[in-house]
Amino acid sequence: MHWADVVAEKLLESGSEHVISSGITPSGPIHLGSMREILTADAIVKAVNDKGGKARLLYVADNADPLRKVYPFLDEGKYKELVGFPLAEIPAPKGDESYDQYFLRPFFEALERVGVYPEVVNNYQFYKEGKFEECTKRIIDQTETARKILETVSGRQLPKNWFPWTFKNNDGRLCTGKVTKYDWPYVTFENDNGEEVTNNMAKGEGKLPWRLDWPSKWKVLEVTFEAFGKDHATKGGSYDTGKEIIEKILGSKVPHHIVYEWINLKGKGAMHSSTGLAIPAEEMLRMAPPEVIRWLIMQPQPNRHIDFDPGLGLLNSVDKYDRTEKDFYDKKLEENSARAFELSQIESLSKNKPQVLPYRHLVTLTQSKDGNDEIIATLRRTGYIDKLDRNGRKRLETRTKCIEEWLEKHAPESVKFVIQKEPPKIEFNKEDLKRINQLREKMSEVGWTPDEIHDSFYELQEASKTPAKEYFRIMYSVILGKEKGPRLGFFLATMERDFVTERLGTY
RNA sequence: GGGCCUGUAGCUCAGCUAGGUAGAGCGUCCGGCUUUUAACCGGACGGCCAAGGGUUCGAAUCCCUUCAGGCCCGCCA
């Protein structure tokens, strides 16, 4: 059984209504690795609903968290002064938005493209509205229990004067301090400068520290399941302490969970937005069809890491997805693969097998043709499609757009080419010039279809006892100015015969 | 120091939740097809399931130990 269904069945044993939670601290560009979390959660929502349950998907933006440091992608001068302020209160690197929205907005747009529509929880707003009042008060009332849990479970020592609240200093920064007076909902503390500052905890002046904030969210949002990264899953980590806090202090149930692994950039290591080694989710979605992104995450077990190669590997992933799709409709897939495919669909599964054009051909056409109409006309002329239905057209448009972006950003040089408008200046030797003549004759008489053109190269090979490779090389050279290129039969057939013969004639 | 995950064919992985004769794709080799930015069709080769022990009539699967790799935690979230 697919992992999403395994989890869903477990959840349904304890009730039919579920709240599946997911979230992030929007401290930088939200990358593909972060997307694994919400897509994992989304798969479970779908699985629960498919089995007759009712599940909601939440996405918590932890925008009450402070800016921890000046990340490499930030302007040092501008942000040095802003370290310590909640992400929701500081300006974005560009534009008029706040910092958190600047990073969240494109991510949510990306989520729509992969068909994920979560209910967004604005954590900062929640604090302001006093949503955590009850939890905060309970924890403060049982400070000693909370302290004991944190100390024994995590094995760390808390300061003597520990108070379960991260204060808001008189300059607006979050900080620690020594409590001098407490009278719910007010707490007064002494800051580093020896000044006394009073926070109204019911109005979001300050926040709960993370290890208390998380279980409080579980309680307030009635979360029954959460997928989180391995960083939270370590023994004595925030999940372990959160479990105790919610059971012993907040009087609620511990959500079920699964732990997912990181997505590594092939050959470079784990993605981290803080180091800049990451591909933002929205960039990813401009480069690859959304169903393929989903599929990359639905296919493997969540606890396995994914090596992601944005170069040639991405091309292979799309090809593999297409083959999987074909096998799905031909009913040749095993249970788990079929389910992974279903869960990868953006909209409902189409009943009929969609029209598939080889992605590699599109990579060629995108570089040699001007716009989708020309591409479609060429595909029709070369016999790859007969008629394109509406979905087929939509799919093609999405894909050519992805390919353009991919070619620009991550494609390896080996797949890129430019049709030379002017004949490249090449000094061919005598033999080559002879072959060029042979080629020109052949090209002017051969049937102008991919197969016939392709075959003609082997006819030349037979007739001249020269390896076909030589003819390929010449053809690529005169058209692209490089010795390799796309599969020639198809490639030449996409061009006008006259263009090809004239070009050969200039040498 | 502690923890989690992974280890199955040359490579990438499925199978393990619920034990019952080891699977797929790619690669290799052979055959077919006039064959290339990583073509297609058919077939074959290929594995003491990391090692050791235990439970069992029976273990890739469950338990224990060891080894190897990856990562996380011991600041913050």
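Reminder, nothing fancy here: chain letters follow the sequence lines and each chain counts from 1. The figures that follow rest on heavy atoms only: side chains count, while hydrogens, waters and symmetry mates do not.
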Task: Electrostatic pair A/Lys10-A/Glu13, nearest N-O below 4.0 angstrom - done: no

- [ ] Can you tell me the distance, in whole Å, between the CG atom of A/Asn264 and the C1' atom of B/rG69?
- [x] 13 Å

Task: Whole-Å C1' distance, B/rU61 and B/rA50 - done: 16 Å

Task: Minimum-distance nucleotide to A/Trp262 side chain [options: B/rA77, B/rU35, B/rC71] - done: B/rC71

Open item on the list: Assuming nearest nucleotide by heavy-atom distance, tell me which of A/Gly236 and A/Arg323 is located more 5' along RNA chain B.
Closed with: A/Arg323

- [ ] Could you please name the option among B/rA38, B/rC72, B/rC76 that lies closest to any side-chain atom of A/Asp231?
- [x] B/rC72

Open item on the list: Classify A/Ser414 by what it touches in the nucleic acid, base, sugar-phosphate, or nothing, heavy-atom distance under 4.0 Å.
Closed with: base

- [ ] Have a look at A/Gln301 and say if it touches a base, only the backbone sugar-phosphate, or nothing, with a 4.0 Å heavy-atom cut-off.
- [x] sugar-phosphate

TODO: Give A/Asp65 one of three labels, base, sugar-phosphate or nothing, depending on what nucleic acid heavy atoms sit under 4.0 Å from its own.
DONE: sugar-phosphate

- [ ] Would you mind reading off the distance between A/Asn316 atom CG and B/rC26 atom C1', rounded to a whole angstrom?
- [x] 10 Å

TODO: Report the distance from atom NZ of A/Lys207 to atom C1' of B/rA77, rounded to the nearest whole Å.
DONE: 8 Å

TODO: Determine, for A/Asp322 against A/Arg399, whether the closest basic-nitrogen to carboxylate-oxygen distance falls under 4.0 angstrom.
DONE: yes

Open item on the list: Under 4.0 Å, counting only non-hydrogen atoms across every strand here, what does A/Thr364 touch: a base, just sugar-phosphate, or nothing?
Closed with: base

Task: Spacing of the P atoms in B/rG47 and B/rU8 (rounded, Å) - done: 14 Å

Open item on the list: Say we look at B/rA18 and B/rC5: how far apart would their P atoms be, to the nearest angstrom?
Closed with: 16 Å

Task: Under-4.0 Å salt bridge between A/Glu459 and A/Lys442 - done: yes

TODO: Sticking with atom P, work out how far B/rG58 lies from B/rC45, rounded to a whole angstrom.
DONE: 31 Å

Open item on the list: Taking the minimum atom-to-atom distance to the side chain of A/Thr234, which one of B/rU37, B/rC73, B/rC5 wins?
Closed with: B/rC73

Open item on the list: Tell me the interatomic distance from A/Asp307, atom CG, to B/rU12, atom P, rounded to whole angstroms.
Closed with: 9 Å

Task: Side-chain ion pair, A/Lys401 and A/Glu404, N-O less than 4.0 Å - done: no

Open item on the list: Using a heavy-atom cut-off of 4.0 Å across all strands, would you classify A/Lys230 as base, sugar-phosphate, or nothing?
Closed with: base

- [ ] Determine, for A/Arg339 against A/Glu342, whether the closest basic-nitrogen to carboxylate-oxygen distance falls under 4.0 angstrom.
- [x] yes

Task: Watson-Crick or G-U stems involving RNA chain B, each at least 3 pairs long, distances under 3.5 Å, ordered by first number - done: B:1-7 with B:67-73, B:10-13 with B:23-26, B:28-32 with B:40-44, B:50-54 with B:62-66

TODO: Pick the P atom in B/rC49 and in B/rA59, then give their distance to the nearest Å.
DONE: 12 Å

Open item on the list: Rounding to an integer number of Å, can you tell me how far A/Leu333 CG sits from B/rA14 P?
Closed with: 16 Å

Task: Distance, P atom - from B/rG20 to B/rC76, rounded to whole angstrom - done: 47 Å

Open item on the list: Under 4.0 Å, counting only non-hydrogen atoms across every strand here, what does A/Arg304 touch: a base, just sugar-phosphate, or nothing?
Closed with: sugar-phosphate

Open item on the list: Rounded to whole Å, how long is the line connecting atom CD of A/Glu261 with atom C1' of B/rC72?
Closed with: 9 Å

- [ ] Looking at every strand, decide which applies to A/Glu462 at a 4.0 Å heavy-atom threshold: base, sugar-phosphate, or nothing.
- [x] base

- [ ] Answer with base, sugar-phosphate or nothing: what part of the nucleic acid does A/Asp319 contact at a heavy-atom distance below 4.0 Å?
- [x] nothing

Open item on the list: Parallel, tilted or perpendicular: which one describes the rings of A/Trp262 and A/Tyr260, with boundaries at 30° and 60°?
Closed with: perpendicular

- [ ] Measure from the side-chain heavy atoms of A/Leu312 and tell me the nearest of B/rA77, B/rG15, B/rA38.
- [x] B/rA38

Open item on the list: How many whole angstroms separate atom CG of A/Asn303 from atom P of B/rU17?
Closed with: 14 Å

Task: Salt-bridge contact A/Lys217-A/Asp213 (side-chain N to carboxylate O under 4.0 Å) - done: yes

Task: Among B/rC76, B/rU6, B/rU37, the one nearest A/Arg487 by side-chain distance - done: B/rU37

Task: Phosphate OP1/OP2 of B/rG15: any A/Asn336 side-chain N/O under 4.0 Å - done: yes

TODO: Would you indicate which nucleotide in B/rC76, B/rA38, B/rU17 comes nearest to any side-chain atom of A/Arg360?
DONE: B/rA38

TODO: Taking atom C1' in both B/rA22 and B/rG15, compute the distance separating them and give it to the nearest angstrom.
DONE: 9 Å

Task: A/Lys484 to A/Tyr476 six-membered ring, cation-pi geometry met (6.0 Å, 45°) - done: no

Open item on the list: Classify A/Arg211 by what it touches in the nucleic acid, base, sugar-phosphate, or nothing, heavy-atom distance under 4.0 Å.
Closed with: nothing

- [ ] Would you name the heavy atoms of A/Gly489 and A/Ile453 that are closest together and state the gap between them?
- [x] O-CD1, 3.9 Å

- [ ] Return the value, rounded to whole Å, for the distance between atom CZ of A/Phe228 and atom P of B/rC71.
- [x] 21 Å

Task: B/rA60 to B/rG23 separation - P atoms, rounded to the nearest Å - done: 13 Å

TODO: Check step by step if ring-ring contact (aromatic ring centres under 6.0 Å, His included) holds for A/Phe107 and A/Tyr59.
DONE: CA-CA 11 Å; A/Phe107 182 66; A/Tyr59 199 74; 5.7 Å; yes

Task: Closest to the A/Lys235 side chain, choosing from B/rA14, B/rU37, B/rG3 - done: B/rG3

